[in-house]
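These notes are about the structure you will find just below.
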Amino acid sequence: EMSIEARLRTRHRQRWVAAVVQALPERDRQCVSMRAEGVTYRTIAQELGMSLGGVAKAIARAAARLSRGIKE
């Protein structure tokens with residue numbers, strides 16, 4: 001069983017990730033949300049009327065924001 005401290009850290013990290021995702025531009029947030037549900041880049045591009053490269057860039061921007069925060 002997780003300690004109280006571990007549960008608090010987990011909850012804090014989940015809230016932080018949710019806040020970072022909410023702060024993303026709408027299109028980036030849609031891409032990340034769909035990808036998290038297992039939708040392929042190609043399908044995301046088709047559904048949102050974007051290029052495949054645009055989807056990849058949106059997801060990369062989101063990943064970079066999350067990565068920067070984790071390192072801080």
Side-chain angles (χ1 to χ4, degrees):
E1 186 173 312
M2 290 177 81
S3 69
I4 291 249
E5 292 84 7
R7 281 186 279 189
L8 288 173
R9 280 192 304 273
T10 298
R11 187 177 306 153
H12 175 75
R13 179 167 283 174
Q14 289 170 337
R15 287 181 180 160
W16 177 82
V17 168
V20 169
V21 171
Q22 280 300 118
L24 293 171
E26 177 66 20
R27 186 55 58 103
D28 290 8
R29 192 167 52 245
Q30 288 174 311
C31 290
V32 169
S33 175
M34 291 174 77
R35 186 65 191 132
E37 293 172 6
V39 180
T40 65
Y41 281 43
R42 185 171 308 284
T43 301
I44 294 169
Q46 291 169 348
E47 292 285 321
L48 299 180
M50 298 173 67
S51 69
L52 203 52
V55 171
K57 285 180 184 178
I59 292 173
R61 280 191 300 267
R65 283 188 182 191
L66 288 168
S67 178
R68 281 194 302 271
I70 290 169
K71 291 176 185 174
E72 292 175 356

Which value, rounded to the nearest 0.5 Å, describes the distance between R61 atom CZ and L66 atom CG?
-> 13.0 Å
How close do Y41 and R35 get, heavy atom to heavy atom, and via which atoms?
-> CE1-NE, 3.3 Å
Spacing of CD belonging to Q46 relative to OG belonging to S51, to within rounding of 0.5 Å = 12.0 Å
Can you see which heavy atom on R29 is nearest to which on L24, and at what distance?
-> NH1-O, 2.9 Å
Rounded to the nearest 0.5 Å, how far does CD of E47 lie from SG of C31?
-> 11.5 Å
Quick one: pull up CD1 in I44 and CD1 in I59 and give me the separation to the nearest 0.5 Å.
-> 4.5 Å
Side-chain (R7) to main-chain (R11) donor-acceptor, under 3.5 angstrom | no
Heavy-atom pair of closest approach, residues R65 and A23 = NH1-O, 3.5 Å
Following the transitive rule for hydrophobic clusters with a side-chain heavy-atom cut-off under 4.5 Å over Ile, Leu, Val, Met, Phe, Trp and Tyr, establish whether V55 and M34 coincide in one cluster.
-> yes
Expected output: side-chain T10 to main-chain A6 donor-acceptor under 3.5 Å = yes
Any chance you could measure D28, atom CG, to E26, atom CD, to the nearest 0.5 Å?
-> 9.5 Å
